[in-house]
Amino acid sequence: MSILRDISPNVRNIRHSELLALGRQACGIKEKLKQGVRKPYKEVIDVSWGDPHRTGVKPLSFVRQVLAACLYPQLVNSDTLPVDVRQRAQRLLGACKGGSVGSYSPTRGIADIQHNVSKFISQRDGGVPSVPENIFLTSGSQVAIMHILNILVNSEGQPRTGVLTPVPGYSSANMALEGLGGAIVPYYLNEELCWELQIDELRRALQSAKGVCNPVALYVINPGNPTGHIQSRKSMEEVIQFVSQEKLFLLADEVYQDNVFGEGSEFVSYKRVLAEMGPPFSDTVELASFHSVSKGLMGECGLRGGYVELVNLDPNVMKYTFTLFSTDSGAAVTGQIALDLMVNPVQPGDPSYPLYNKETQHIRTMQVHNAKRVTEVLNSLPGFSCQPVKGGAFAFPRVHLPPRAIQKAKEEGMPPDHFYCSRLLEDTGLLVSPGCEHGQREGTHHIGFCIMTPVDILEEVLRRLARFHTQFMKDFSSTERLE
């Protein structure tokens, strides 16, 4: 007898990830390369994830030095590390129970770090107050998103709880929602207008949910993942007015807020816009804002550090929120330390500042260069169209596939852009994500890949992609029958 039939039907109904299949294919190719099988490439390049260190971006020295001293406290009393590194490590260890990163932390996180996050938010938002007790430090922002969804979704309710989610969007959030028994209510970003979020589309999506589910929340991603768009203040004000009118909870995924490089673009948080709109919005709209050390200049995906700030929640709901977060026994302490280093970075005059400034400026310059380079190259290739990448970590170009390629994909039982990505991986060793992984309008096809890579790696990515794409379009545009 299989235990599978006793597994929650919500878990069984989670949408299959197309990227997992491509990941297995990539593992198979790597194994063949190890065995000496000859390929037209020597290694697989994986740019399918928003993971800068995976692609070769170097970690910030100050961050790793402080972490090293916290993990091996003997370094605090050694002169092998700069004095400001040792002082920071000593302070952080003093905030840990028993002076060790190996101890549990409180449910909301280490108090000193929680207060530093609160100061960071207030400074970021032009002085808008931030209450430390409304902040929960978590092992990555994904954990925080899952907990907030868990609070919002009534798994026993009829009709099901619905959440308006962007298309294209963050597939892991959708999978979490499905796993809780919630319903995805898709709203489509306007690709022709640089992936703009339009209020008329939100209204259409909400109307489509009537009789199907009970929508309780709107999930927005700004800067966009994987679309790379930046919301304007006007657009954000319209969103806040919409959720206020429709009595929806607002989830703002803002983990890419430090990855803004489009000319004339700037990041403004939903909390700041909400506060500056004033009553009744600032007093009534319920908001959860998420941030993480996985993106930005640090790119420390593996350390799992993030936070959520809750605004305008009913005190009774906050009580249950605390109870739910307490099931984690506290966030990973190393992730919390990384979070402290993100919100309270090295300052001018500190011994570590010259190197820190050099490293962070290098990353910023790399981002600006890569964003321009990607759109330049892709838009020069017949069959590709790529909107300007203004922020985030991905390029998400549209691929105009020939009808014969679409038919071939159908024959092989694959979505067309998965078929394209599978061929790309096999022929060039380049792993990118198919658009169907993130969602897209019916009849359109895309690929997504991380542009937070060293410049030389990005050039190799574009070289392999351009060569493959040119041949692929030639092969499937010809009239000869393909086997």
Side-chain angles (χ1 to χ4, degrees), residues 50 52 120-121 124-126 128 141 164-170 173 187-202 218-243 250-277 287-292 294-299 342 360 363-376 378-379 385-398 438-440 446 448-452:
F120 159 80
I121 292 170
R124 180 199 66 187
D125 293 340
V128 175
S141 61
L164 278 70
T165 62
V167 178
Y170 180 41
Y187 65 90
Y188 293 87
L189 304 175
N190 190 322
E191 182 171 7
E192 285 68 32
L193 296 177
C194 296
W195 299 109
E196 183 178 290
L197 190 165
Q198 298 180 306
I199 296 301
D200 286 346
E201 172 60 15
L202 291 182
L218 168 66
Y219 175 52
V220 296
I221 310 174
N222 182 46
N225 174 17
T227 53
H229 72 281
I230 307 290
Q231 265 191 283
S232 67
R233 182 182 287 264
K234 179 177 181 294
S235 172
M236 296 168 75
E237 289 174 349
E238 291 174 347
V239 166
I240 289 170
Q241 291 168 352
F242 172 78
V243 296
L250 179 58
L251 300 104
D253 187 339
E254 300 176 324
V255 301
Y256 288 101
Q257 61 189 258
D258 294 324
N259 299 110
V260 176
F261 32 79
E263 189 173 340
S265 299
E266 67 169 341
F267 170 80
V268 183
S269 75
Y270 262 97
K271 184 187 176 186
R272 179 170 187 168
V273 174
L274 178 62
E276 293 177 351
M277 288 177 70
L287 166 69
S289 171
F290 307 92
H291 196 13
S292 168
S294 298
K295 314 305 175 187
L297 300 175
M298 288 177 62
M342 180 186 78
T360 54
I363 293 173
R364 292 186 191 280
T365 301
M366 177 194 76
Q367 289 178 339
V368 173
H369 171 274
N370 288 358
K372 291 180 178 179
R373 180 67 174 150
V374 161
T375 52
E376 174 187 284
L378 292 178
N379 286 329
S385 58
C386 184
Q387 296 297 321
V389 183
K390 299 180 179 181
F394 290 93
F396 195 68
R398 182 173 177 180
H438 307 277
Q440 54 199 346
H446 299 78
F449 59 94
C450 179
I451 65 168
M452 289 185 66

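Small disclaimer: the values here were computed from a predicted structure and weren't measured.
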Quick check: closest heavy atoms across [X] and [Y], and the distance to 0.1 Å?
{"X": "S294", "Y": "S292", "result": "N-OG, 2.9 Å"}
{"X": "G296", "Y": "M452", "result": "O-CE, 3.4 Å"}
{"X": "V167", "Y": "G439", "result": "CG1-C, 3.3 Å"}
{"X": "V260", "Y": "P223", "result": "CG2-CG, 3.9 Å"}
{"X": "S235", "Y": "Q231", "result": "OG-NE2, 2.9 Å"}
{"X": "C386", "Y": "N379", "result": "N-OD1, 2.7 Å"}

Residues which pass side-chain hydrogen bond (donor to acceptor under 3.5 Å, both in side chains) with H438, listed by chain and number, not counting sequence neighbours: S433
I'd like to check the side-chain hydrogen bond (donor to acceptor under 3.5 Å, both in side chains) partners of R398; sequence neighbours left out, ordered by chain and number. none
Would L250 and V239 count as a side chain to side chain contact (heavy atoms under 4.5 Å, CB included) here? Give the steps. CA-CA 9 Å; L250 179 58; V239 166; 4.2 Å; yes
Just by distance, do the side chain of [X] and the backbone of [Y] share a donor-acceptor pair under 3.5 Å?
{"X": "N259", "Y": "G391", "answer": "no"}
{"X": "E254", "Y": "N222", "answer": "no"}
{"X": "K295", "Y": "G50", "answer": "yes"}

Quick test of your reading: applying salt bridge (charged side-chain N to carboxylate O under 4.0 Å, His left out), list the pairs with at least one residue in residues 221-235, sequence neighbours left out, ordered by first then second residue. R233-E276, K234-E238
Among pairs that include at least one residue of residues 256-268, which meet salt bridge (charged side-chain N to carboxylate O under 4.0 Å, His left out), considering only residues two or more places apart or in two chains? none
Go through the steps for Q257 and H291 under the test side chain to side chain contact (heavy atoms under 4.5 Å, CB included), then give the verdict. CA-CA 8 Å; Q257 61 189 258; H291 196 13; 3.4 Å; yes
Derivation and outcome, side-chain hydrogen bond (donor to acceptor under 3.5 Å, both in side chains), residues Y188 and Q440: CA-CA 8 Å; Y188 293 87; Q440 54 199 346; over 6 Å; no
Pairing residues for K271 by the salt bridge (charged side-chain N to carboxylate O under 4.0 Å, His left out) criterion, not counting sequence neighbours: E309
Flag the pair Q387 / H229 as yes when at least one side-chain heavy-atom distance between them is below 4.5 Å, and no otherwise. no
Using a 4.5 Å cut-off on heavy atoms from C-beta on, say whether the side chain of V374 contacts that of F449. yes
Test side chain to side chain contact (heavy atoms under 4.5 Å, CB included) on Y270 and V220; report intermediate values, then the result. CA-CA 10 Å; Y270 262 97; V220 296; 3.6 Å; yes
What's the spacing between [X] [atom1] and [Y] [atom2] if we round to 0.5 Å?
{"X": "I240", "Y": "L274", "atom1": "CD1", "atom2": "CG", "answer": "5.0 Å"}
{"X": "I230", "Y": "F267", "atom1": "CD1", "atom2": "CZ", "answer": "8.5 Å"}
{"X": "L218", "Y": "T165", "atom1": "CG", "atom2": "OG1", "answer": "9.0 Å"}
{"X": "I121", "Y": "S269", "atom1": "CD1", "atom2": "OG", "answer": "8.5 Å"}
{"X": "I199", "Y": "F242", "atom1": "CD1", "atom2": "CZ", "answer": "6.5 Å"}

Pairs satisfying side chain to side chain donor-acceptor pair (under 3.5 Å), at least one member in residues 365-375, at least two apart: R373-E376, R373-E459
So, Y187 and Q198: side-chain donor and acceptor under 3.5 Å apart, yes or no? no
E196 side chain to N190 side chain, donor-acceptor N/O pair below 3.5 angstrom: no
Please walk me through it: do L287 and L251 pass side chain to side chain contact (heavy atoms under 4.5 Å, CB included)? CA-CA 6 Å; L287 166 69; L251 300 104; over 6 Å; no
Begin with the C-alpha distance, continue with both residues' side-chain angles, and end with the deciding distance and a verdict on side-chain hydrogen bond (donor to acceptor under 3.5 Å, both in side chains) for Y170 and D253. CA-CA 10 Å; Y170 180 41; D253 187 339; over 6 Å; no
Any idea how W195 and H446 line up, ring-wise: parallel (<30°), tilted (30 to 60°), or perpendicular (>60°)? tilted
